[in-house]
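Comments concern the structure below.
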Amino acid sequence: MCGIVGIVSTTNVNQSLYDALTVLQHRGQDAAGIVTFQDDRFYLRKDNGLVRDVFHTRHMRRLVGNVGIGHVRYPTAGSSSSAEAQPFYVNSPYGITLAHNGNLTNADELSRDLFRTDLRHINTNSDSEVLLNVFAHELQKLGKLDPTKDEIFSAVRAVHKRCRGAYAVIAMITGYGIVGFRDPNGIRPACYGERTSEDGRKEYMIASESVALSAAGYSLVRDIAPGEAVYIETDGTLYTQQCAEDPHLYPCIFEHVYFARPDSIIDKVSVYKARLRMGETLAEKVLRDFPDHDIDVVMPIPDTSRTSAMQMAHRLGVKFREGFIKNRYIGRTFIMPGQKMRKKSVRQKLNPIDLEFRGKNVMLVDDSIVRGTTCKEIVQMARDAGARKVYFASAAPPVRYPNVYGIDMPSASELIAHDRTEEEIRDLIGADWLLYQDLEDLVTCVSDVNESIEGWECSVFTGNYVTGDVDDAYLNRLEEMRNDEKRFQSAGAISGDNAIIDLYNDED
Ligand SMILES: O=P(O)(O)OC[C@H]1O[C@H](OP(=O)(O)OP(=O)(O)O)[C@H](O)[C@@H]1O
Ligand SMILES: NC(=O)CC[C@H](N)C(=O)O
Ligand SMILES: [Mg+2]
């Protein structure tokens with residue numbers, strides 16, 4: 001679930017972009033990049049690592065200019081090689097760089113078409129590089145020396161016609177401005193905000209989540225609509241246009257379950273309120289199905305599930321306790337590359353406070369159970385800490401299907417709930433009781449706020465892919481290309497280094 005940001009300001013944007021990427025770090029931990037431009041030159045710094053590791057003072061000094069874009073990466077295509085860090089760059093036409101959140105489901109076909117029609121060589125396995133070259137090719141075809149909003153919007157229209165899958169994109173056309181656009185189903189989030197400079201001029205920021213705007217002093221104007229493009233010229237003139245023929249709003253529900261920050265508002269829905277409601281509906285399920293439950297204490301699995309666990313305890317009238325303490329220096333495990341790193345990190349990340357467990361029936365609450373990496377470790381840790389009984393609740397339904405829209409869940413066989421009943425999962429994780437959120441309840445938790453939301457992208461729970469082009473052949477290919485072993489082989493192949501080892505090293 002990468003994070004994207006773009007700014008058109010009246011002063012240097014390097015620090016604002018750095019700060020915004022830091023606020024969006026939870027969306028991608030593998031790589032980070034910023035590109036700015038001044039006059040007809042652009043300046044790029046990108047590498048594997050966290051924002052704080054990638055950008056040193058000497059890099060920031062070089063990122064001059066009042067316009068720029070940034071990206072934090074969580075790979076869903078290609079490998080974890082630094083060659084696939086973003087933003088990507090293409091020199092023709094004009095010099096364009098691009099940051100992408102999402103995943104294209106027809107990237108291979110597009111890559112072949114680009115070579116045949118335009119002799120464009122795609123140098124990595126990243127779908128984002130393909131997306132950039134489709135946009136560039138469509139802009140180039142218009143043959144304008146000085147592109148205007150009309151050419152920009154025309155190229156976005158062509159992108160919608162050719163690209164399939166999920167994308168929230170910010171592209172920067174060197175010397176002209178930035179354009180943000182969202183796929184015709186609005187699967188990935190993007191919004192924009194404004195602020196007024198000291199000399200009274202308008203400045204704009206486009207970002208994956210509203211929290212990035214407020215952190216930089218921009219006030220949220222609105223979400224970019226599905227299919228819509230927002231083009232901002234260097235002088236701060238802003239244009240918008242609907243570029244899709246048949247847009248619909250089907251946001252990814254997993255943003256509210258896990259990915260987004262609770263202080264973000266996505267498509268007018270407060271993530272925080274959604275998670276409070278998830279705790280409420282979980283509690284109501286307990287009271288409905290197990291009115292004589294013997295839960296002594298409710299505990300979150302930090303960080304994401306805290307909001308839901310707190311509300312669940314409140315609704316049940318049971319103690320809420322932080323029984324697990326999170327190591328603040330370990331990042332998000334689910335978006336780490338490879339099962340080995342995820343497993344190791346879960347045990348490093350969470351540690352029990354024994355006195356909260358000793359002799360108690362504890363209800364552990366997590367936002368979701370995906371591969372089971374977390375819950376398998378956590379249940380045993382609770383028992384070792386002295387719990388009498390260990391119950392486990394997931395604020396999301398069982399995750400049974402791969403994701404193809406920007407969440408790296410390529411292989412159904414990796415998913416603990418795939419082909420298993422809830423009882424089988426309960427036994428596998430060693431819990432005395434396992435409670436899942438019902439999908440209808442989850443949808444209710446995020447609905448009834450924004451009537452323009454026609455439905456939710458829930459394919460990980462249902463196997464129904466909103467873009468209608470995902471078949472078994474694609475899923476099998478995805479599993480073949482993206483399973484852990486294959487991915488790490490290709491990482492070395494592209495960049496010649498063992499990208500995973502370098503992932504958290506500060507190379508230079
Ligand atoms: O079943 P799994 O495959 O383990 O995936 C689900 C777990 O991963 C995520 O936590 P993560 O550590 O990524 O982030 P958090 O600190 O925001 O909870 C999520 O919150 C669950 O705890
Ligand atoms: N999580 C994402 O949005 C990934 C973006 C893009 N597909 C990449 O792999 O870099
Ligand atoms: Mg978690």
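Atoms within a ligand are numbered from 1 in the order they appear, just like the ligands themselves.
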Residue shell for ligand 2, any heavy atom closer than 4.0 Å, reads Met1, Cys2, Arg73, Tyr74, Pro75, Thr76, Ala77, Gln86, His100, Asn101, Gly102, Asn103, Asp127, Ser128, Gly406

Contacts for ligand 1, heavy atom under 4.0 Å, by chain and number, are Tyr258, Pro302, Asp303, Thr304, Arg332, Thr333, Phe334, Lys349, Asp366, Asp367, Ser368, Ile369, Val370, Arg371, Gly372, Thr373, Thr374

Six-ring centre of Tyr258, Arg332 cation under 6.0 angstrom, axis tolerance 45° | yes

Mind telling me whether Phe324 and Phe357 have parallel, tilted or perpendicular rings, with 30° and 60° as the class edges?
-> perpendicular

Looking only at heavy atoms, the pair that brings Arg45 and Leu63 closest together is N-CD2, 4.0 Å

Test item: side-chain donor near acceptor, Arg342 and Gln339, under 3.5 Å | yes

Cation-pi check, Lys46 onto Phe88 ring (under 6.0 Å, within 45° of axis) = yes

Side chain to side chain contact (heavy atoms under 4.5 Å, CB included) with Phe334: of Ile407, Thr373, Asp408, Thr304, only one passes, and it is Ile407

Report yes or no: do Ser81 and Ser79 form a side-chain donor-acceptor pair below 3.5 Å?
-> no

Salt bridge flag under 4.0 Å for residues Asp441 and Lys285 = no

Should the pair Glu138-Arg162 be classified as a salt bridge under the 4.0 Å nitrogen-to-oxygen rule?
-> yes

